[in-house]
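The sequence lines fix the lettering, A, B, ..., with proteins before strands; numbering per chain opens at 1.
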Amino acid sequence: MGLNFFDQFSSPSLLGIPLILIAMTFPALLLPSPDNRWITSRLSTLQLWFINLVTKQLMMPLDKKGHKWALILTSLMIFLLLINLLGLLPYTFTPTTQLSMNLALAFPLWLATILTGLRNQPSASLGHLLPEGTPTPLIPALILIETTSLLIRPLALGVRLTANLTAGHLLIQLISTATIALFSTMPAVSLLTLLVLFLLTVLEVAVAMIQAYVFVLLLSLYLQENI
Amino acid sequence: LPAAVLLKDTKLMDVKLGQLGSWLAMRDFTPGGILGAVRRGYNRYYNKYINVRKGGLGGLSMVLAGYVVLSYMWSYSHVKHERRRKYH
């Protein structure tokens, strides 16, 4: 059986405990709970500053009713960010490469925004299905299109996160394999590939952060429409 | 003359090799005891390296390095097939 590049995405288990369990609970260790001091430790200060930044950024477009979602959106953001970034370390496992986990995060949250909208302001929520100023003959087609676009949002959220991270990890593995394989025959080309690998790693760090942000931002946008 | 310390209260570094078996037998291996030990270990590490006024990068890096090592141990059976060999 040849080398299978997709093996990195199956969760290995030792003594019956899968690594995905540790990978999902480990980020909690990195976040100290702030104690009641005036000057906190550097890690606590950093964490508090970052949480303030994220919460302000996410909650600015929402009105007061939307602020009930502050806790879950901010914690989701930090969870995804840490998981994505930790997955870039060698030998670690990234739970967000599993479609099951991303869909499990996206579906309930999206459904919650839809149900909130339908319950509190049903006509306004349904009104979003038809943009203003459409010519009359186009209305039936547009309603169908908008409904499809609405129903496909959770799938898009989940698959976007999965695909971005999986593709990034695969690329890193492929290019590093190429670098090692080329090293014995053509060292110059291998050096070039190494440069590509370095740039790719920088890109992956950026993608890890951006994808977490996009996930949460889109959810807050869906919330804005419906709250 | 200082009173002899009970075996139960000695720290691990002060236990003589011959007493190691009885020392281990006296430790608390109930789930509550293990949780307490984990909590004490966490607090020791946290207060020594992170909860200081000018904590550095080392405190966090040691945790991450330990995480990498743990992940390597967990996925060893997968990873050993990826060694550089002439014939796989």
Would you mind reporting whether [Y] and [X] have side-chain heavy atoms less than 4.5 Å apart?
| X | Y | result |
| --- | --- | --- |
| Pro32(A) | Tyr46(B) | yes |
| Leu29(A) | Tyr42(B) | yes |
| Ile17(A) | Trp74(B) | yes |
| Thr92(A) | Leu70(B) | no |
| Leu64(B) | Phe26(A) | yes |

For [X], does the [atom1] atom have more than 12 heavy-atom neighbours from other residues, nucleotides or ligands under 6.0 Å away?
| X | atom1 | result |
| --- | --- | --- |
| Leu199(A) | CG | yes |
| Leu53(A) | CG | yes |
| Leu71(A) | CG | no |
| Tyr45(B) | OH | yes |

When rounded to the nearest 0.5 angstrom, what distance separates [atom1] in [X] from [atom2] in [Y]?
| X | Y | atom1 | atom2 | answer |
| --- | --- | --- | --- | --- |
| Arg53(B) | Thr45(A) | CZ | OG1 | 11.5 Å |
| Asn51(B) | Thr40(A) | CG | OG1 | 9.0 Å |
| Tyr67(B) | Tyr91(A) | OH | OH | 15.0 Å |
| Ile22(A) | Ser71(B) | CD1 | OG | 7.5 Å |
| Leu43(A) | Leu60(B) | CG | CG | 6.0 Å |

Heavy-atom pairs under 4.5 Å with chain B, option from Leu86(A), Leu89(A), Leu19(A) with the top count: Leu19(A)

Atom group of Val79(B) that falls short of 4.5 Å from chain A, counting heavy atoms: side chain

